[in-house]
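So that the names make sense, note that chain A is the first sequence line, chain B the second, and so on, each numbered from 1.
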Number of protein chains: 2
Amino acid sequence: MAVTLADVAARAGVSAATVSRVLNGNYPVAGSTKTRVLAAVEELEYVVNGPASALAAATSDLVGVLVNDIADPFFGQLAGAVQSQMGPGTPGGGPRMAIVCNTGGSRERELTYLTLLQRQRAAAVILTGGAIEDPEHIEALSARLRRLEAAGTRIVLCGRPPLPDAEAPAITFDNRGGAQRLTEHMLSLGHRAIGYIAGPAARTTTRHRLEGHRAALAAAGLGGGADRLTVHGGAYDRAAGYEGTLALLDREPGLTAVLAANDTVALGACAALRDRGLRIPDDVSVAGFDDLPFAVDTTPALTTVRVPLTDAGAHAGRLALSPDAPAEGVVTYPTTLMPRASTAPPPPEKP
Amino acid sequence: MAVTLADVAARAGVSAATVSRVLNGNYPVAGSTKTRVLAAVEELEYVVNGPASALAAATSDLVGVLVNDIADPFFGQLAGAVQSQMGPGTPGGGPRMAIVCNTGGSRERELTYLTLLQRQRAAAVILTGGAIEDPEHIEALSARLRRLEAAGTRIVLCGRPPLPDAEAPAITFDNRGGAQRLTEHMLSLGHRAIGYIAGPAARTTTRHRLEGHRAALAAAGLGGGADRLTVHGGAYDRAAGYEGTLALLDREPGLTAVLAANDTVALGACAALRDRGLRIPDDVSVAGFDDLPFAVDTTPALTTVRVPLTDAGAHAGRLALSPDAPAEGVVTYPTTLMPRASTAPPPPEKP
DNA sequence: TTCCGAGTAGTAAGCGCTTACTGAATCAGC
DNA sequence: GCTGATTCAGTAAGCGCTTACTACTCGGAA
């Protein structure tokens, strides 16, 4: 039915092995033969059978990318950057294809996808986004990853810290430092009643950002009441920001600033503040994290911390494809404070 | 090295064929045997070799999804919805995996990815987003799709009209009607000088939305000067909105409304208006299209047209998996006007 | 008791490709 | 002109799985 290697070989008057060698180019073939084979490929519109070659060569050209939420631009950018390194004419030989797997932040699906990728004999797997900090889950995850590595799959972590006993290279963001600088920025503006809406608990990203915030507070001698002004959202979404802000406002009516776990959460915070009749930044300052494209378009423009998603994603993609695992351990990308109009000095004390 | 079917068979004391049958469940196997096999699979941590089974069975469990820009939430939502139909415990037998391919709107990459998917012997391919209306490209695309279909790959179109001579099912959005209703909404508010920032030319989505807009204008007897107040963006992005708005403003200082090709473009339009010192909606009304999640969080909240991305994506996913091609032709999803605060009556005429 | 047809399990022939290994030229060096 | 290296192409043995086809067992109808 479909055109096979043998058909091409017959057409070109050579053996199947020669055609294979021309196509893979890892063995000397005379120029004239090569031309003839290529012509036959063209004429017959031959397309390699991926599964067959994966089986024979025990390698596949599939790379898995695990993301928490593909509809979230944070992961969209990351995935896009990873994919920019694949396709034709990219490092590591032939074209690769990225399989983006949407875990939805579910532990179970994370593991399931890993098995599915092992089943595809993926060449590499890139785990993105903060890791879940449940020892039990980490153990299960490590076990799966160990199996994958044993099967020859390269593992790359992007946006999460390295795993306890694996040597998979990790790319991380300086979330802690970014959060710290952001809080310092708020403090320097004069804010003292700063609410913090953290992401879901038991996530590395959540913890690191919160740690940075706490560190800045502590350095300013304000560490004491921090807990009271911190709430945890159920996800990194708008609802977390909205509800978190309302909760904070109830807890501390004198709130002058809200720091959100990320830009999307900040959007929800802004909505809640507006619904309560508070102006940004006149009454309350708001800041996000990540500097997603829309941050510059909110009103007022959102102060946030830029995370170099594109660079990191591309880097992860390259690491995944590099035939020789450099295993350079952890690379940390810096984060940058982006002060914009949503933060300003707090309003003068009301008499 | 890796555990194979034979290993499992040996462990369970049966033949490889039996193990295969237990795993695929399309042949009677006695309960006790099944239990024994499953236990062996468990103990050996056996994971099927996907490529091998794809080769032998001449089918793969990979589904390709072509998107224009994975970092755009529009496609992110669509891709997420498609994937929600795959994975374990979904229609069409075993777990499938979605390969999301980022074409970046490039014709060449669109074709390349299609070849790459053919190479993987994908079970189905879902093409999302507006199609490019270049006869030459359509021809090339159709040829590739015909080859894919000949190879047994199901084709599903989502968000684009059916192809000339293919019977691939298509899911479309009522872009035309949505745009028409949106323009009618503006007209009913009293706007007459309505600028339109269209998407890139030669895209079906661009054309349909523009047609709807023109139709509403014509029905109101305003069809005449429509061209003068229409600009085309180079992409569906913020820059298109920003630059398009500045161009419109130069062309018609008395502009009272800007309709954008989509929500992201509208964001750019808002930014340009603000930079020119114009208030929304007091001086100029703005509307978008798609109703992406952030539309409700802009200031003021963006009037837009809701497009049921999640439903459509899930539908496309189901169509792609359904073993028997229903080939129900074209299904059109309705779009809904979402009037919000960014549109209001035009300011009173200045004397 | 014989025979037949369910119901199960095994055998073996590929699926289309890669890649050692082998073989046939060609060619430089003496 | 002969030898040994070198270059290029063919042969064939799988890679791990699926699936006709065959073979056996067993209960019940004849």
Remember a base hit wins even if backbone is also touched, and classify [X] as base, sugar-phosphate or nothing at under 4.0 Å, heavy atoms.
X: Thr18(B); answer: sugar-phosphate
X: Ala58(A); answer: nothing
X: Ala30(A); answer: sugar-phosphate

For [N], does OP1 or OP2 lie under 4.0 Å from any side-chain N or O of [X]?
X: Ser53(B); N: dG16(D); answer: no
X: Asn49(B); N: dC15(D); answer: no
X: Ser20(A); N: dC17(C); answer: no
X: Thr4(A); N: dG16(C); answer: no

Residues, nucleotides or ligands: over 12 heavy atoms within 6.0 Å of Glu108(B) CD: no

Neighbour count above 12 (heavy atom, 6.0 Å) for Glu43(A) CD: yes

Please tell me which of the listed nucleotides, [options], lies nearest to the side chain of [X]?
X: Ala56(A); options: dG16(D), dG16(C), dC21(D); result: dG16(C)
X: Val29(A); options: dG10(D), dC8(D), dA9(D); result: dA9(D)
X: Ala17(A); options: dG16(D), dT11(D), dA9(C); result: dT11(D)

Spacing of [X] atom [atom1] relative to [N] atom [atom2], expressed in whole Å:
X: Leu44(A); N: dG16(C); atom1: CG; atom2: P; result: 14 Å
X: Arg21(B); N: dT22(D); atom1: CZ; atom2: P; result: 14 Å
X: Leu5(A); N: dT11(D); atom1: CG; atom2: P; result: 15 Å
X: Gln118(B); N: dG16(C); atom1: CD; atom2: P; result: 14 Å
X: Gln120(A); N: dC15(D); atom1: CD; atom2: P; result: 21 Å
X: Asn26(A); N: dA20(C); atom1: CG; atom2: C1'; result: 13 Å
X: Asn24(B); N: dT19(D); atom1: CG; atom2: C1'; result: 10 Å
X: Asp61(B); N: dC17(D); atom1: CG; atom2: C1'; result: 13 Å

Under 3.5 Å donor-acceptor pair, Arg121(A) side-chain atoms to dG16(D) base atoms: no

Base dA9(C) paired with Tyr27(B) side chain (donor-acceptor, <3.5 Å): yes

Ion pair Glu45(A)/Arg146(B), N-O distance below 4.0 Å: no

Ion pair check, Glu133(A) and Arg107(A), cut-off under 4.0 Å: no

Between Thr18(B) and Ser15(B), a side-chain donor and acceptor under 3.5 Å: yes

Given DNA chain C, 5'-ward residue of the pair Ala57(B) and Gly13(B), judged by closest heavy atom: Gly13(B)

Contact nearer the 5' end of DNA chain D, comparing Pro28(A) with Ala6(B): Pro28(A)

Contact check, side chains of Leu157(A) and Ile171(A), non-hydrogen atoms, under 4.5 Å: no

